[in-house]
Every structure is written in structure tokens, then in C-alpha cells.
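Chain letters run A, B, ... following the sequence lines, proteins first and then strands; every chain starts at 1.
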2 protein chains.
Amino acid sequence: MEARKKYISNTDFEDAKRIYENRVGYNLKLQKERTDVIASIGRVTCKPVYALESSPCYNASAMDGIAVNSRSTHGASETNPIELQENADFSYVNTGNPINEPYDSVIMIEDVMELGEGKVNIIAPSHPWQHVRPIGEDMVKGEMIIPSGHIVRPVDIGALLAGGLESIDVYKKPLLGIIPTGSELVDSLEELREGKVIESNSRVFEARASELGAQALRYEPCPDEFELLKARIKQAVSECDIVVINAGSSAGTRDYTANLIEELGEVVIHGIAIKPGKPTILGIIDGKPVIGLPGYPVSTYVAFESFVKPILLSMQGLEECGEESVEAVVTMRIPSSLKHKELVRVNVGHVSGRFVATPLTRGAGVTMSLVKADGLLEIQRSSEGLDAGTLASVKLLKPTQELRKTLVSIGSHDIIMDEISDMMKLTSGHVGSMGGIMSMMRRECHIAPIHLLDEESGEYNLPYIKKFFGNGSMALIKGVKRLQGLMLQCGNPKDINDFQDLAREDVVFVNRQRGAGTRILLDYNLKKLGIDPGAVNGYERDMNTHMAVAIAVKTGSADAGLGVFSAAKALNLEFIPLGYEEYDFLVNADYLEDDRVKRFIGILESEEFAARLDNLGGYKLEEAGKVIRV
Amino acid sequence: MEARKKYISNTDFEDAKRIYENRVGYNLKLQKERTDVIASIGRVTCKPVYALESSPCYNASAMDGIAVNSRSTHGASETNPIELQENADFSYVNTGNPINEPYDSVIMIEDVMELGEGKVNIIAPSHPWQHVRPIGEDMVKGEMIIPSGHIVRPVDIGALLAGGLESIDVYKKPLLGIIPTGSELVDSLEELREGKVIESNSRVFEARASELGAQALRYEPCPDEFELLKARIKQAVSECDIVVINAGSSAGTRDYTANLIEELGEVVIHGIAIKPGKPTILGIIDGKPVIGLPGYPVSTYVAFESFVKPILLSMQGLEECGEESVEAVVTMRIPSSLKHKELVRVNVGHVSGRFVATPLTRGAGVTMSLVKADGLLEIQRSSEGLDAGTLASVKLLKPTQELRKTLVSIGSHDIIMDEISDMMKLTSGHVGSMGGIMSMMRRECHIAPIHLLDEESGEYNLPYIKKFFGNGSMALIKGVKRLQGLMLQCGNPKDINDFQDLAREDVVFVNRQRGAGTRILLDYNLKKLGIDPGAVNGYERDMNTHMAVAIAVKTGSADAGLGVFSAAKALNLEFIPLGYEEYDFLVNADYLEDDRVKRFIGILESEEFAARLDNLGGYKLEEAGKVIRV
């Protein structure tokens, strides 16, 4: 067993960026090359480009008509038309034809009366240069078309060609070397088995590099062997302009990256006060930036964007321009530590005239939180977190126009929300039914999915709305009836048959989070049967979604959980049905005319939606889409 | 001479869009294909993608440490450490290693005290699933990773691979056929001569298609010959999914496009109430969209964006998302006609807390106005134009972040402004010195370049600032001394020697626009000599820049103009010097601490700037960058 280095530093994020970028910049030699204009889209000019030719390069007719000398048209009017003879007094011209002596102007064909035999009448004089595009009207030889450091756009290509350029000087695309490391990594599904992981981070880097105007060279995954990795790093440094090693950047026994960078060059910083992304290594070998990125997908993404992206840009003469950001209201308290700056993935929507941000899970391993995120909310190191209702700056991962078109749902989770998100733009926060009601009271969502059983009346949802709002301003959009029940392992090995069995010593339960309607349903049943929740093993282990409960049961980390049939069916679990409950959508009546809400209702009523529910199983559609004012 | 069709329709822009998109949509069959996930960046999913594997696919350690069974750790504390034996009670694990029976949790290596001989002490109990990533924590088999109609981003590629996908179903990239037409078109600089034009529009379309996720097939430029063009269109329609023909869309003798589309299929609309872009033809051949685009670069760009782009997107299952737009204050009156909707190219900057928009030239042939534009301002057909000071919506062509970093200059023109724009982000509006002063009064710019001679004192600029502001709130940043003089044709064929000669019968002058300091200088000299401006031929023909005057003289459309030496030098003109004038920058004193203004002053003081002036010629640097409070 190798010696473990247990500690890495905790350098302030902004300090780390500044120190490293200065060190890298000191060594940076920007490389240039010549490229054809027609292939220059997205390339960055390394010097200003001046027109080699004027455009137009001759005096050109701007209209279809006749070219004349203005002196021969003096005095023409409707009452005193002037007759002109083709070739003697005028020539027919099309747009773009040259206008030369003796002609100095053009009369539009619409204003010419043809008399036959090459004669025409005109009824208004022309003045010099009328309807003529003089040489250089568009651009003059020697004029600057685009400055240096400019990213070539399609319109620039048109202007460059018009200015007589066939090729231009641009920065070379930097070549990013990517070394995946880890004996657990495999490259294909066939090799996947316990203890193995499909290598995916390098593919994210490849795609991101190409978006940033760079090229990528990915090396085969390298097992955790010191000498092998050393040879690979040396090769990559000699072949590429910048190298990333992923991962091995932490402080474990097999984390060789830092030692190797130190041996081959210099570790400038190891360990940065950023979450996620802390175990990042910023190094230099042979004057080239070599960066050890953490292994978890979200950490590595943050570290790549923070430290690799600015270098790829500066190698093309570009500065970071900063992503688009908006001020958004935070919908729930987000605690954070003074130990680090934190980037929180959030859903963003536009509700009641402002942007709202709802945090997603914060696990560094949860790629899906990055896929589902609409933005990244930054909590500074000096802050202990943000209270609900605070305004915070969110860097957007999607265009604002798209976010403005997105329906914001906050409340209970059901798999049907995923299906609806496939049919319209929908962002869905899972905080349970009660969380949805609270969110709606703060006007942070358009709709709140709820399934709340009123114990007294036995009625779903409406009693709760009356209790919490009760001013006639709300509406309930009827959704689906869904089958709830106990999810059990295949073949029910523990012979679990009812709620009573959940209190057995040998049974491990997995619960839903506080405020979830499903948890309330459990509590209601336990209370009815006089069972103390403390007697249920695993009552305190809570999950945010039906699928998370189902997978815990499926994989044996629990024997039983409470949830919907569709989740049990998706994973082939045993299921003891307890009955249908009503999963509906609370909405502020104001919003019934909102396009997004109207589209949502349309989907609930659609045949496509019914077909999808059929496929999932365990749903009944009775009044879906019906609106009840409350 | 062929018969001319002189009239095309003037269909309302929104009507045209709706009618045509409905017609095209009716025929549209979206094509699908399978693509490798690692090559799927930017592609659009045609159905939702569900995970084939859970991730992780086994219970995995989330830390480096030891795997234990939580039951064996009960009661451990600092005062009562528990000793564990390797392989009997625990195993060392690295992050990502599987955790299996009998182990159910992980203790971090930092919390483990190694005693040697495979023994360790622990000082705190673990609880079940501590530091374990359960199967499916990231994503559960069957979970939707991305919905349909989703543009694949780098993070999605990571999630798709993690979810066991190696390929996905996406829409096929539509193939755009591009037919340049026109006997005047040439493809290379060598063929360029009078009457010929370098074909460039097709290259803009090619680049734009690739940005929009489509492929492009460009055909050789086709001369204006009916049968040739007919064969080319038939070929393109058979080979491509959508075809654009550029140009021949107008109503001239050689404008065959509409007739040919009508012969081979159907012209749905010819002529749209949009400026620029009116002579657009929207047609259908064999169920495929075939669009005739106007020839002028700006018109064709507007028509492409309005009619081709939405079809290319919808062929990939995408809706138009709308460009980013801002509300901006219009800095000068923009008249428009009730006959059409108009798109005005504008410079946009962020001054005094709001965005300001200054119109650029409106000529449809002026590509450079599109290159220089920061945005497009839309004037609805129902409007006769916008007054200065009005708020208007501007679609941005550059990111807001970049515009916020840009220094806004409005005032007199000098070539040095181009050079400075190569050294920092600068947007430059040319409205003359007096226009700059007015713009500064309305707080629409950061700096106003001025060169205004006070006739009484013989002093430049300061007297004007005192007269118009006079409240001590302004400052003057000293700029350059520049040599003004008469620009004449090579060899001075008309023997022009002074202002008096400008009034000669045989001499044609070209002037600057009203409010330009150079025009004021002319007027001052004419007045001093008692010359009536009406006696100067061409006094009324005005240009907005020194270079525009120089080119008019160079190409013989005028014999003389007044302007700076650098413009004369750039075009090798004769030059009669009249003396140096002071070209300085008016600034609101508030702005002296603004980063953009500070950078600007730094440039004026820099050696690089001095070297560039040397190269241009005709400038003196004496106090450049010095700030005088007024």
C-alpha cells in the first residue's frame, strides 16, 4: 500500500485563477496560421483585415433602368417629356452594370416610357449620381473590414470576399490533449460490469473544446499505473498545447497525477476552495498548462469551465466574455460553507414577472443535475448561504428566451412530469406536495403538482387549497389518478403484506422526504394502525422521487418502499396496491390564460398523453385537464 | 430585349411568413438517422432518450477509505476507539470501488488511525450507506435523460454515455442547395474587373447553414441564361431538401427566378413588405421549399434569416427561439414608411444605465453596415418611424456582455477611430462634431470626438464645450493634431490650388454632411473669402466620412474634397495642406473613472498608438490622453 498524501490545499478560487493564469500567460506563445475566408467561420483574426479592393470596384447601376447623362435630362416633366435615343442618349442597364462616361446617372425603368425604335420618353430629370453605387460605396480599398481578435461570423465572410480577401490570418486552434485515467474505466458497454465505469468525461471535454474553437486529442484510458501514466503525460505534453488528466487528482493511494506533474514540471496549485471541483491540480510542464481534473462529472465540469476554458480562449486571443446571467429569486434556503465558493445547479423559470431559481441536488456525482440545470448559482466563499426569497445572480445554461417559454412546476414528483417535459418546455422541481403549496404561496411556480388526502373528508387536494388560500383566487387542474402501493423485491422474499410488516425487526424500509404526499400517506396509515414511526427501520432514510425509492428496493438496500405503480413496473418490482390517489395541479387562476398553462392543459387532454400513460401503467384518466376554481 | 415584369406584390411580412410556413410545413417530412453519441454535439433528438443502464451500476464507494459493516462500528468514539482487522472487519477502498456484503458503508481515510499489521482504530461509528453511492444515484435505468427536440450539449454526451447509450436517434441535417446566379459573378480575384462582382452571398449562406445545424451544397455560379438556370434548379431540387436561388428575384429583364419557379412548381409569394428584402420569392417545387433571395447583401441576409432559417430549424424539429433583444433608446430620428416593415442596422452601447441604439447607413448594398451593426432595430409597418429618445426593441447581433464592455463614441469621424477599435471594444457613430455634442447632451455616448474651431478665439473645442455645457461637469481628453487639406486627383489635372478654385465652373467638389467639423471649416474659409457656397459645384453632395470623400475624388466623381491627410495618403491623392486642427474627445467627467474610458486614455498614451499614427501619416501627438476639466 503506497503512502497516502492526505491533505491538499484550499486556495481561494479567485486567487487560484489569477495566479495560474498569470503563470500560464507568461509562457503562452499564440500560434498563427493562414486560412481560406470561405472556411474561416468561428476563427479568430490575429490582426485587422483591410479591404484589398473597393466594393463595388466600378460605378454601378443601383437599379434596372436606363443610363443617361443628367445634362440631357434637364427640364423633363410630365407636361414636357424629353425624348431620348438608345445608344446616342441612353443605354439600357440592369442592376450592377457599369456606368461610364458619358453617362452619370440612372433613371428607373418604371419611369421610362418606351416609344419603340429605340426611343423613350422621360418625364423627370435625373441628377448626377442618381441610382448609381459609386466605387467604394460599400467599402473602400484600405478600409478596415474587421479588427483583430474578432470571431468571424457569416456576414464577415461576405464582407471579406467583397473586399477581395481570399485568405486571412487567424490564431491556430489550440490542441487540447485529454488523458482519461483510472483502472475502472471502460470504453464500451460490453466491458461494463461491477467496479467498472464507462469513461464519459473525456467526451464532454472533446465536445466542449470544439464549441470553444479548439481541437481535442483524446488518448486511450490509462490504468492507474505510475509509469504508464508518466509516459502518457510526456507524450501528450509533447504533442499538444494544453493537457488535461482526468482524474487521479485527489489524495488517494492511486492518485498519481499531482506527483507526476511535480516530477515532470511544477504543481502551481493543488486544491481550490470551490465546490464542486476542489481536488483540481493546476500545473505546468515544459511551459505548457497541464491540469488535473477531478473525477466526478459535475466537479470536472466546473473545474474545466473555470480553468481550462479561459486558457483555450486566450490561446486564440480571446478574453472570457462571461456567460449570460440573470437576477433570480431563490425559492428555498441554500446553506453553504465559508470554506469554499459554491456553484449550485438550479432550475430557472420566469414567474410573475421575475426569474426564480430552485436548487437541484448538490451531489458532485449526479450528472443528471447538470443535464437538468438551467443555470448555475454562485455562492461566494464569504457567504454562509442564501435564504429563500433572496435575489441572486444565476449564470444561465439555456437562453433566456427559452426559459421565458418554460412552464415552472414545483411540488410532488411523478414520472408523468418527465413525459410532459417531452411534450412541452417544462422545468420540474421535486419538493413534495406541501413544498409545492408553499412555493405557490410565494408565487415561485406556475403549477404545483399535489396529491394531498384530507383525513377528515377523505377528499384529495381541494380541502388543502381552501385551507391555505381560501380567497377564490386559485384553481385546480385535474390530473391523473395513480395507483400507490408497497414496492417490494422480486418474489417478495421477506413476505411483506401490509403496513404492519414494515415494523418488523428484519424489514428495512426506505422513505420519502418530509412534505411528500407519499410520506403523508404512510404517516396516515401508520397512525391509523397505531404504529410508532420509530419502530420502522429506515423511516429516516429519505429519497426525493419514486424512482429513487424503487431503485433502493430493487438493489436490496431496502426491503420495502411506498410509491406509484409506474415506478415499480419500470424496475419490475413486486407491488401491493393500496388504492388510487388524485394527482392534480394547483394553479393561480391568473395563470389560466398563460400560453404555457394552456398548452399544459391541452397536453393533459391529448390522446398522445393518454397513450403514454397506458404505456407507463397504473394511471387512470377521468377528468384530466378539467379546471375547478377554488 | 425581353418583356419586363415591372410589378411584384407587397405582401405583409407576418402574413407572408405564416402563409409560406404553413404551405411548406404541409409537405415537410422530417428525416431521421442514428448517430454515435460521441459525435452528437449540436444534433437534435427526435425522440426522448432513456437510460439503458443505471449509473453507477453497482453500490460504489464515494470516498477513499475503508469499507465496514456499520454494525461493527457501533459505539466507537474518541474515548472508546474500536479496533478493526483488515479483511476480517474492513477492506481498503478507493473512490469508485464496489461495496458489497458484508460491508454497507465507508469510513473516510482521514478518520482512520492505522496501527500496523492490518489493524486500524476508528473513533466514530458509521451508519448504513454512509459515503456509498447507491446503484442509480446518478440515473436509474429507464429514466429519461433528455427529451425529444433537444439540442445535444457536451454535458448531455456525458450523461448519455453514463446511461449506457452508444448511439441515439436524431433528425437528419437538412441539405440546403445554393444556386448563385448572375452573369456578373466571378469566383476569384483574378477574374474581377469592371462589371464583375466577386460572388460572396453563397458563402454567407453556407456558413449560416452550418451554424444552424444544416449542411450546404453550393453550385457553381449560373449565368443569366434561362435554360441553364432551369436545369440547375431541377438538379438542385432533386439533390437537396431546400433550395435558395440568389439572385434574379427582382423584376428586371434577366430576373428569371420567379418565372422558372412558376414553370417548375409554384410561386407562393413574390414581393414582401419588408425593407431591406422586398424582392423575395417564396416558392415550392416538388413539395420542396425553393426561395429566390434578393441580390444585395443586406437584403439577402434579412430574407435568409426571415424565411430560410425557420425552415432549416423546423426540418430539425426545432422552433425559432428568437434572438436576444434589449430595449434601447434611439439616438436619432429614424423615418420609415407605412409601405413596409423595416429592419434598421444599429450600433448599440450601454451608457448611463441604459442601452442606446444609433442607426447605421440604410443602403441595402452596404455589407459593412451589417458587419459593423450590433443589432437590428425593427420598425413595424404601422409606424412612420421613431423619434430620437424613443425606446425600441433591438435584436442583438452581439452578446449583451460584450456590448456592456464597449465604449460608445458618437461624433466626428477620423480613421484613427478604426485603429482604436482594433485595440479595444469601441463602437463608433459618425454624425459630425456638432452631432457628437448633441449626443453627449442627451447622454447617449461615453465620448464624443470633436474638432470645432471657435472663429473668435481661434481656439479649438474648449469654447464650444463651455458654450453648450458650461457647468463644470465635463472634461476634454486631448487627442491628436491632424492635418486637414484639399484632396485632389493625382497630378492635379484641374490645377486646383486654393478655396477660390472650388468656385470655378469646371471644378466639381464633394462635401461632408451638415454638422461635420470639416464642413464647418469649409464654410469658415468660404465666408472669409466672401465665396457663396451656392457657387461651389457639388456643395450639396455630402459624404459621412473622410474616406468616402477621398474615394469620390479618386474615382473622378469629384475633382476636390476637404479632408485629412491620412485619407488622401491611403488612396494616393494629391493633397494641399491647410493646417493642423485639434481632434479631441469630449467626455462627461462622471465617466473618467469608467474602465472603458480609462482604457481609451491608456491607448491614446501608448507607444503602439503612436506607431500606428506614424504609419497613417498626417498626425501629431502632443498632449494625447491629457484630461482638461471644463
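- Of the inter-residue distances, the one linking B:L160 atom CG with A:I198 atom CD1 reads 11.0 Å to the nearest 0.5 angstrom.
- Ranked by non-hydrogen atom pairs under 4.5 Å with chain A, the options B:A552, B:P399, B:P297, B:A62 are led by B:A62.
- In terms of heavy-atom pairs under 4.5 angstrom with chain A, the leader among B:E419, B:K372, B:M543 is B:E419.
- When all heavy atoms of B:W129 and A:S557 are compared, the closest pair comes out as CZ2-CB, 2.7 Å.
- A distance of 8.5 Å separates OG in A:S202 from CD1 in B:I38, rounded to the nearest 0.5 Å.
- Ranked by heavy-atom pairs shorter than 4.5 Å toward chain B, the options A:G158, A:A207, A:G195 are led by A:G195.
- The minimum heavy-atom distance between A:P147 and B:S421, with the atom names listed, is CB-O, 3.8 Å.
- Once rounded to the nearest 0.5 Å, the distance linking NZ of B:K196 with SG of A:C57 reads 11.0 Å.
- Per-residue counts of heavy-atom pairs under 4.5 Å with chain B were compared for A:L192, A:N59, A:T400; the largest is that of A:L192.
- The candidate from B:E143, B:K405, B:K47, B:R541 with the greatest count of non-hydrogen atom pairs under 4.5 Å with chain A is B:R541.
- The line from OG of B:S183 to CG of A:N97 is 10.0 Å long, rounded to the nearest 0.5 Å.
- Contact detail for B:S188 and A:E166: the closest heavy-atom pair is CA-OE2, 3.5 Å.
- No part of A:F304 comes within reach of chain B, as not one of its non-hydrogen atoms sits under 4.5 angstrom from that chain.
- Each of B:E137, B:E184, B:E211 has some count of heavy-atom pairs under 4.5 Å with chain A, and the biggest count is that of B:E211.
- Ranked by heavy-atom pairs under 4.5 Å with chain B, the first of A:L571, A:I145, A:T45 is A:I145.
- With chain B as partner, the option from A:E199, A:E324, A:E206 having the largest number of non-hydrogen pairs under 4.5 angstrom is A:E324.
- Between chain A and the residues B:E319, B:R133, B:M139, B:H150, the most heavy-atom pairs under 4.5 angstrom are made by B:R133.
- Residue B:S54 comes nearest to A:I551 through the heavy atom pair OG-CD1, 3.8 Å, listed as atom of the first residue, atom of the second, then distance.
- Using a 4.5 Å cut-off between heavy atoms, B:T95 touches chain A through its side chain atoms alone.
- More than 12 heavy atoms of other residues, nucleotides or ligands shown are found within 6.0 angstrom of NZ on B:K569.
- With a threshold of 4.5 angstrom between heavy atoms, A:P48 approaches chain B through its backbone and through its side chain.
- Side-chain contact check for A:F205 versus B:I157: every heavy-atom pair is 4.5 Å or farther apart.
- For chain A, the option among B:V155, B:V204, B:D422, B:N201 with the highest count of heavy-atom pairs below 4.5 Å is B:D422.
- For A:K398, the side-chain contact (heavy atoms from CB on, under 4.5 Å) partners at least two apart in sequence or on another chain are A:D374, A:E402, A:L403, B:R153.
- At a 4.5 Å heavy-atom cutoff, the contact between A:A373 and chain B is made by backbone atoms alone.
- Taken from CD in A:E540 to NE2 in B:H127, the straight-line distance is 12.0 Å, to the nearest 0.5 Å.
- Put simply, of A:V37, A:I41, A:V298, A:I146, the one with the most heavy-atom pairs under 4.5 Å next to chain B is A:I41.
- Of all heavy-atom pairs between B:D156 and A:V371, the closest is OD1-CG1, 3.5 Å.
- Residue contact with chain B, scored on non-hydrogen atoms closer than 4.5 Å, involves the backbone and the side chain of A:L189 alike.
- Heavy-atom pairs under 4.5 Å with chain B were tallied for A:S210, A:S148, A:G96; the largest tally goes to A:S148.
- Side-chain atoms of A:Y301 do not come within 3.5 Å of backbone N or O of B:P154 as any donor-acceptor pair.
- Between the side chains of B:E194 and A:N100, at least one donor-acceptor pair of N or O atoms lies under 3.5 Å.
- By the 4.5 Å heavy-atom criterion applied to side chains, B:V140 and A:T545 are not counted as neighbours.
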- Query: Which is it for B:D64 and A:D255 under the side-chain contact (heavy atoms from CB on, under 4.5 Å) test, yes or no, and what are the steps along the way?
  - Reply: CA-CA 10 Å; B:D64 293 334; A:D255 291 330; 3.8 Å; yes
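- Distance OH/B:Y296 to CG/A:D138: 10.5 Å, rounded to 0.5 Å.
- Contacts of B:E53 classified as salt bridge (Lys or Arg N to Asp or Glu O under 4.0 Å), with partners at least two apart in sequence or in another chain: none.
- Contact between B:M368 and A:A159 at its shortest, heavy atoms only, is SD-CB, 4.2 Å.
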